[in-house]
Number of protein chains: 4
Amino acid sequence: MEINRRSYVPLHIQLADILRRRIRAGDLAAGSTLPTEHQLATTYGISRDSVRKALAVLRSEGVVMTTRGEGTRVRAVPERRRIALGPGDEVVIRMPTPEERAEIGIDEGVPLAVISRPGEPDEIVPADEVKFTGGGAPQ
Amino acid sequence: MEINRRSYVPLHIQLADILRRRIRAGDLAAGSTLPTEHQLATTYGISRDSVRKALAVLRSEGVVMTTRGEGTRVRAVPERRRIALGPGDEVVIRMPTPEERAEIGIDEGVPLAVISRPGEPDEIVPADEVKFTGGGAPQ
Amino acid sequence: MEINRRSYVPLHIQLADILRRRIRAGDLAAGSTLPTEHQLATTYGISRDSVRKALAVLRSEGVVMTTRGEGTRVRAVPERRRIALGPGDEVVIRMPTPEERAEIGIDEGVPLAVISRPGEPDEIVPADEVKFTGGGAPQ
Amino acid sequence: MEINRRSYVPLHIQLADILRRRIRAGDLAAGSTLPTEHQLATTYGISRDSVRKALAVLRSEGVVMTTRGEGTRVRAVPERRRIALGPGDEVVIRMPTPEERAEIGIDEGVPLAVISRPGEPDEIVPADEVKFTGGGAPQ
DNA sequence: GTGGTCTAGACCACG
DNA sequence: GTGGTCTAGACCACG
């Protein structure tokens, strides 16, 4: 699993692929911190800039999370709690605006679920913390 | 609505904010083409690189879509078709892997809905084309 | 075997790959004429310019041969005649200069073999028409 | 040594000729970097596209080598090591497939020598790094 | 700031 | 009607 400079695949995409695979394989465990950008650059023989782009890709996928001054960690995928939808309920999925991200405290690369129930204000939750099912109480 | 060089907010984030607002306001209509990267750079007095970063932000939000050689267009948000969930059905939302993106032909910044119904193979759809409701037929 | 616009592989490289495979498979036989540039562009849904680049790639590999006003044909690979090298003989391979190409009447993408035998003038032959072996008469 | 727009010789061929001559004359030394595409376009009063085509010609001849983000350099022709062929040995020259190019790490415009010796697996080497002679040990 | 890809569209040369 | 040349101009990847 190495960088191939003759490939048409951009270096940062190659690195993102490698890291994604290492994460899936458990080699980089959920919650663990990735090597520093500098280390990754040295290890894989690419520029730090390409490393940063690779991490941005993984962030936008919700795979890792970067905290300034601390590093990049593998996002621990939360347990999903079940939400039952009744006949009149409606759920729409979309990406958050940056303001919503800040407000709700949602990580980059995590979609939003907007749950509308008749007679109630909309509820907005990070879509990776829930799963939806039918069979909720009818209104 | 201008770039403020004294602000701590990065220039590309400022530009992304400005463009997002112009899009919401209808100043940049759905389906319309944004000014070229070069024009945006000149108009707002920032580097083309910052412009590119701003566009990457909007792409990852599913707000715009870039086609090589053609330009960047405001994504037309599709009509959402309604999907009713029965008691045993389950929906999980997540971001697609790059392979899924390629396979399903899904734009950047668009989440995925995985619909599991008992006795049927999982169905995977772009989450911005659907909305979910309860009251589906029980299995 | 289709063009994948989401791939990082350039369109013209993808088309070159497709055509190379069709040629190897015998679907496009040696000596046969390829579809016109326009037809290829329409068939594969890319611009004529990308088609032209794909053909240039195949030409530089000696796989096809283009004649103005006639079209592009699959090169018939010639039988290779055997040349035996003696102890003092020497063979150097290189790409021809354009003048040599014109002079010797050699197709694009075909290397040149320069055979030096003691006491004789150098012999220059298209390298795809010969194969070399040892065991030639010593000088 | 200038571009002649009245000539029937295509502009990019004229430029390729000019650059080839400058390289042969040592004006552009082996290993040195050519002017940027933009500079060449300005210097010779042609479009960047014609410049790019001229460089593609020189690349396919193995005369120059382009590295993305760095520029185009005059290829340093390597020393050729001598390979002696015995009576049963056989050498065939051909252009590499793109996969072989990637695998062997061979530059564009460099032919391949396939050396078959009885009882041994084929050996594949860049043809510009070797020269062949007879008089090898018989098998 | 480097080279790379892609497109559209103009006109040219050849058979 | 074939392929060939040439340009302008867009975005992309990398350092």
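- Of the charged side-chain nitrogens involved, none lies within less than 4.0 Å of a carboxylate oxygen, so that C:D49 and C:R52 do not count as a salt-bridged pair.
- Taking a cutoff of 4.0 Å between a charged side-chain nitrogen and a carboxylate oxygen, A:E100 and A:R94 qualify as a salt bridge.
- Rounded to an integer number of Å, the gap from B:R73 CZ to F:dC11 P is 12 Å.
- Not one side-chain nitrogen or oxygen of B:T72 sits closer than 4.0 Å to the OP1 or OP2 atom of F:dC11.
- A side-chain donor from one of A:T66 and A:R59 sits under 3.5 Å from a side-chain acceptor of the other.
- In this structure, D:L55 atom CG and E:dG3 atom P are separated by 8 Å, rounded to whole Å.
- Both distances falling under 3.5 Å, in either a Watson-Crick or a G-U wobble arrangement, place E:dC11 opposite F:dG4.
- Within the 4.0 Å cut-off from OP1 or OP2 of E:dT7, at least one side-chain nitrogen or oxygen of C:S50 is found.
- Taking only side-chain atoms of B:R68, from C-beta outward, the nucleotide of F:dG3, E:dT5, F:dG15 with the closest atom is E:dT5.
- Spacing between atom CD1 of D:I46 and atom P of F:dT7 amounts to 7 Å, rounded to whole angstrom units.
- Residue-to-nucleotide proximity on DNA chain F shows that, of D:Q14 and C:T36, the 5′-proximal contact is made by C:T36.
- The separation between C:R6 atom CZ and E:dT5 atom C1' is 17 Å, rounded to whole Å.
- As a whole-Å value, the separation of C:Q39 CD from F:dG1 P is 12 Å.
- Across all strands shown, A:R52 has no heavy atoms under 4.0 Å from either base or sugar-phosphate atoms.
- Judged by distance alone, the side chain of C:E129 and the main-chain N or O of C:P78 form no donor-acceptor pair under 3.5 Å.
- At the heavy-atom level, D:E70 lies nowhere under 4.0 Å from the strands shown.
- Comparing F:dC12, F:dT7, E:dG4 against the side chain of D:T66 picks out E:dG4 as the nearest.
- Between D:H12 and F:dC6, a side-chain N or O to OP1/OP2 separation shorter than 4.0 Å is present.
- Distance CZ (D:R5) to C1' (F:dT5): 11 Å, rounded to an integer number of Å.
- A side chain to side chain contact (heavy atoms under 4.5 Å, CB included) with D:L15 is found for exactly one of D:V57, D:L58, D:T43, D:I3, namely D:I3.
- Among the atoms of the strands shown, only primed sugar atoms or phosphate atoms (P, OP1, OP2) are found under 4.0 Å from some heavy atom of D:L11.
- The D:K53 side chain lies nearest to F:dC6 when the options are F:dA13, E:dT5, F:dC6.
- Atom CD in D:E37 sits about 14 Å away from atom C1' in F:dC12, given to the nearest Å.
- A salt bridge does not link A:R24 to A:E61: none of the charged nitrogens lies less than 4.0 Å from a carboxylate oxygen.
- With rounding to whole Å, B:D49 atom CG is found 10 Å from E:dG1 atom C1'.
- Between C:S47 and D:L34, the residue whose closest nucleotide on DNA chain E is further toward the 5' end is D:L34.
- Within 3.5 Å, no donor on the side chain of A:R48 pairs with an acceptor on the base of F:dG15, nor the reverse.
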